[in-house]
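Remarks on the structure that follows.
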Amino acid sequence: MSYTGPEFESPQPRRPRRGPLTVALAALVPGALLGWGAYETLGDGGSDGAARTAATSASRPVSSAPAPAGSRGDDGKVSGSPSAPSGGSGALRGKVVVVDPGHNPGNFRHTAEINRQVDIGTNSKECDTTGTSTNDGYTEARFTLDLAHRLRDLLEREGATVKLTHDGDSPPWGPCVDERARFGNAAHADAAISLHADGSAAGDHGFHVILPGSVHAGAADTRPIVGPSHELGVRIADTYRRATGEPPANYVGDGTGLVTRTDLGGLNLSTVPKVFIECGNMRDDTDAALLTSGTWRQRAAQGISEGIVSFLRVS
């Protein structure tokens, strides 16, 4: 059974006393409700650390295919709240960000399709994989899609145009790793990020950001994006750590939270600045408790968003 995360009931409004203060209290109620809305948006978990999250309404489609009416987050809230229109006002007006939720919840039902080989420039790899999960069955694909919705909302509030490589059941599996790279290229993204959570051994914990190494083989040529991708990754690692309190991984990256790889098709075939982030280790109980918390996922989205905003403001 999947861990569905903590859930909060909205506090019940107190019944005002009858008497001379009724009119005054009635005037204060709208302001109080606005304050509660801001509180929910911030995703404040309260003193006991339980999850409250920002996402409260329907997810929007990423292509011409209709999107589901809403995607309910693992803390009982609905991911994908309305936000600034694409290309709207804000610090990132005119910027395009591609967010790639790692894997796909439907991959389990399409093993033949995702197992076919695709060219990643240096060699061939599987189209996609199912991803990992916590020991309680909370899947990486479920985590990344929820996080992607939260990140999209934050970036759109900054004025960015945000495009997801997949959403809901569109497409029902994949896309393949080469298609995910081409999605960002075709969008002429100013920045792209692929969201993941690791499946390493228990005791391995912490996050790491994966940077593209220099590759020039076949269809892959990362040389123009190595520099800006490194800058993007450094900024995200810094803001993510501050926002979440999650330390750099203790099993890769020598404590820096940064790892360079040349074997990932999503990076090898990218022509735009792009990084991956492994937000934590789902097989470690300490990290799993964070990854399954809606409050913490909101902080993770905030940290990633701040890094992207910082990068795009100077790029």
Side-chain angles (χ1 to χ4, degrees), residues 38-45 51-57 59-60 62 71 73 75 77 79-102 143-165 167 184 187 189-197 207-211 228-229 231-246 257-258 272-280 290-291 293-315:
Y39 182 73
E40 285 287 284
T41 298
L42 290 172
D44 189 348
R52 300 182 195 264
T53 65
T56 58
S57 66
S59 300
R60 290 199 303 273
V62 295
S71 176
D75 53 353
K77 309 295 183 182
S79 285
S81 60
S83 50
S86 297
S89 61
L92 300 188
R93 183 177 182 181
K95 299 292 187 179
V96 176
V97 180
V98 165
V99 177
D100 175 32
F143 165 79
T144 62
L145 193 57
D146 178 82
L147 181 62
H149 290 160
R150 297 170 188 270
L151 178 58
R152 176 186 61 189
D153 293 346
L154 292 169
L155 290 171
E156 285 186 341
R157 288 173 196 157
E158 295 289 337
T161 296
V162 182
K163 300 184 178 183
L164 271 61
T165 57
D167 196 2
D190 296 286
I193 185 165
S194 189
L195 307 175
H196 290 266
F207 78 94
H208 63 282
V209 176
I210 303 175
L211 314 172
S229 296
E231 180 67 19
L232 173 64
V234 168
R235 288 175 181 269
I236 290 174
D238 178 57
T239 55
Y240 182 85
R241 181 179 186 178
R242 286 192 283 108
T244 64
E246 179 78 345
L258 301 171
V272 301
K274 183 176 182 179
V275 298
F276 281 39
I277 183 168
E278 298 280 4
C279 295
L290 300 176
L291 297 165
S293 162
T295 294
W296 188 88
R297 288 195 301 276
Q298 190 65 27
R299 294 175 188 149
Q302 185 68 47
I304 296 169
S305 173
E306 289 174 0
I308 293 173
V309 170
S310 172
F311 170 76
L312 292 179
R313 279 178 170 167
V314 299
S315 63

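Because the structure is predicted, anything quoted here is derived from the model rather than measured. All residue numbers refer to positions in the sequence shown, counting from 1.
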Are L232 and I308 side-chain neighbours, meaning at least one heavy-atom pair lies under 4.5 Å? yes
For the residue pair L164 and H149, establish whether any side-chain heavy-atom pair is separated by less than 4.5 Å. yes
V97 and L151, any side-chain heavy atoms less than 4.5 Å apart: no
Minimum heavy-atom separation for L258 to A237, with atom names? CD2-CB, 4.0 Å
About how many Å separate CG of L211 and CZ of F276, when rounded to the nearest 0.5 Å? 11.5 Å
Value for CD (Q298) from CZ (R150), rounded to nearest 0.5 Å, stands at 5.0 Å
Side-chain heavy-atom pair C279, L147 within 4.5 angstrom cut-off: yes
Restricting to non-hydrogen atoms, name the atom on T239 and the atom on G303 that form the minimum distance, rounded to 0.1 Å. OG1-O, 2.6 Å
Please confirm whether the backbone N or O of K274 pairs with a side-chain atom of S229, one donor and one acceptor, at under 3.5 Å? yes
Testing I304, L92, L312, T161 one by one against L155 for a side-chain contact (heavy atoms from CB on, under 4.5 Å), which residue passes? L92
Relative to the ring of W296, is the ring of Y240 parallel (under 30°), tilted (30 to 60°) or perpendicular (over 60°)? perpendicular
Is a side-chain N or O of R297 found less than 3.5 angstrom from the main chain of L291, in a donor-acceptor match? yes
Can you confirm whether P101 sits close enough to T165 that some side-chain heavy atom of one is under 4.5 Å from a side-chain heavy atom of the other? yes
May I have the step-by-step check of side chain to side chain contact (heavy atoms under 4.5 Å, CB included) for S315 and K95, ending in yes or no? CA-CA 10 Å; S315 63; K95 299 292 187 179; 4.1 Å; yes
Would you check, one step at a time, whether the test side-chain hydrogen bond (donor to acceptor under 3.5 Å, both in side chains) holds for Q302 with E306? CA-CA 6 Å; Q302 185 68 47; E306 289 174 0; 3.2 Å; yes
For the atom pair CG (D100) and CG (L195), what is the distance rounded to the nearest 0.5 Å? 7.0 Å
Give the intermediate values and the outcome of side chain to side chain contact (heavy atoms under 4.5 Å, CB included) for residues L290 and T244. CA-CA 9 Å; L290 300 176; T244 64; over 6 Å; no
How far does CD of E231 sit from OG of S310, to the nearest 0.5 angstrom? 7.5 Å
State, with a plain yes or no, whether a side-chain heavy atom of V99 is found less than 4.5 Å away from one of R152. no
Would you check, one step at a time, whether the test side chain to side chain contact (heavy atoms under 4.5 Å, CB included) holds for R299 with E246? CA-CA 10 Å; R299 294 175 188 149; E246 179 78 345; over 6 Å; no
Nearest-0.5 Å distance that lies between atom CG in D238 and atom CZ in R242: 4.5 Å
Donor-acceptor pair, distance only, cut-off 3.5 Å: does the side chain of T144 make one with the backbone of G102? yes
Note: A187 and V98 closest approach over all heavy atoms is CB-CG2, 3.9 Å
